[in-house]
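I have placed the structure first, in the form of structure tokens, so that the comments after it can refer back to it.
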Amino acid sequence: MTAALTLAAAVTTPGTVAAPDALSGPLADALIAAALAQAALMATAVVLTRDPVHQAIVLSGYGMVLGLLFLILQAPDVAMSQIGVGTVLVPLLVVLALHATRRYRDTDNDKDGAERAEPRRRAASGPSADGPSADGPCADGPGGGPHDGGQARR
């Protein structure tokens, strides 16, 4: 019985006009076109940005523009997911990954670089007062010797 009432309510009489759709008309078309153009512009900006940290920030703006486009196209659930994931989560993960790799790279360079740079500084300044050490210059000269495995120093 309820199905028949629902079907009867859906059928309109010939003299009535259906309610206009929220996104119909020339103004709505202009709004959709502007949102699509903004999304294309932000996508281009993401691709052309070279610095990874700045790229993550621009990616966040791109996620916001896509979320607004989905909202304009009447998909609020997709818009909320896009804003949550594309605007907040993905750029945050990118920035955290960049920070972690830079920190790891810096500590790795400090550890290896300090060991490598110290003999070069001593070798450039000449033998120390204590006499030549295993790190310092050898009798073979700066081209290499038994202490460096036969590899020439740069």
Side-chain angles (χ1 to χ4, degrees), residues 3 6 9-10 17-130 132-138 140-154:
T6 307
V17 178
D21 187 17
L23 274 177
S24 63
L27 189 58
D29 292 339
L31 182 64
I32 291 172
L36 284 172
Q38 183 69 25
L41 182 71
M42 289 298 292
T44 305
V46 170
V47 172
L48 295 179
T49 304
R50 295 290 180 203
D51 183 38
V53 175
H54 291 122
Q55 191 173 31
I57 294 168
V58 175
L59 180 66
S60 178
Y62 176 61
M64 182 62 76
V65 168
L66 279 181
L68 290 174
L69 177 65
F70 291 141
L71 194 60
I72 290 169
L73 293 175
Q74 297 181 350
D77 51 345
V78 179
M80 288 178 60
S81 298
Q82 174 62 35
I83 289 171
V85 174
T87 302
V88 177
L89 192 62
V90 171
L92 180 67
L93 287 176
V94 168
V95 168
L96 289 176
L98 287 170
H99 178 71
T101 55
R102 285 182 181 172
R103 186 178 60 192
Y104 176 76
R105 185 179 62 209
D106 290 344
T107 57
D108 190 38
N109 283 344
D110 288 345
K111 195 184 320 176
D112 293 340
E115 293 172 1
R116 291 181 194 160
E118 190 62 33
R120 288 183 187 161
R121 275 190 247 133
R122 277 191 254 156
S125 64
S128 65
D130 299 338
S133 64
D135 297 340
C138 64
D140 293 343
H147 64 277
D148 64 355
Q151 296 177 344
R153 291 188 180 168
R154 295 183 187 174

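Between the CG atom of L69 and the CG atom of L31 there is a distance of 9.0 Å, given to the nearest 0.5 Å. Atoms CG and CD1, on L68 and I83 in that order, are 5.5 Å from each other to the nearest 0.5 Å. Note that CG of L96 is 10.5 Å distant from OG1 of T101, once rounded to the nearest 0.5 Å. The line from CG of L89 to OG of S60 is 11.0 Å long, rounded to the nearest 0.5 Å.
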Compile the donor-acceptor pairs under 3.5 Å between side chains in residues 35-45 and protein atoms, sequence neighbours left out, one pair per line.
residue	atom	partner	partner atom	Å
T44	OG1	A40	O	2.9

Considering only distance and modelled atom types, tabulate donor-acceptor pairs under 3.5 Å from the side chains of residues 51-58, sequence neighbours left out.
residue	atom	partner	partner atom	Å
D51	OD2	H54	ND1	2.7
Q55	NE2	V46	O	2.8

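The number of heavy atoms from other shown groups lying within 6.0 Å of CG (L48) is above 12.
In this structure, T87 and P91 approach most closely via the heavy-atom pair O-CG, 3.6 Å.
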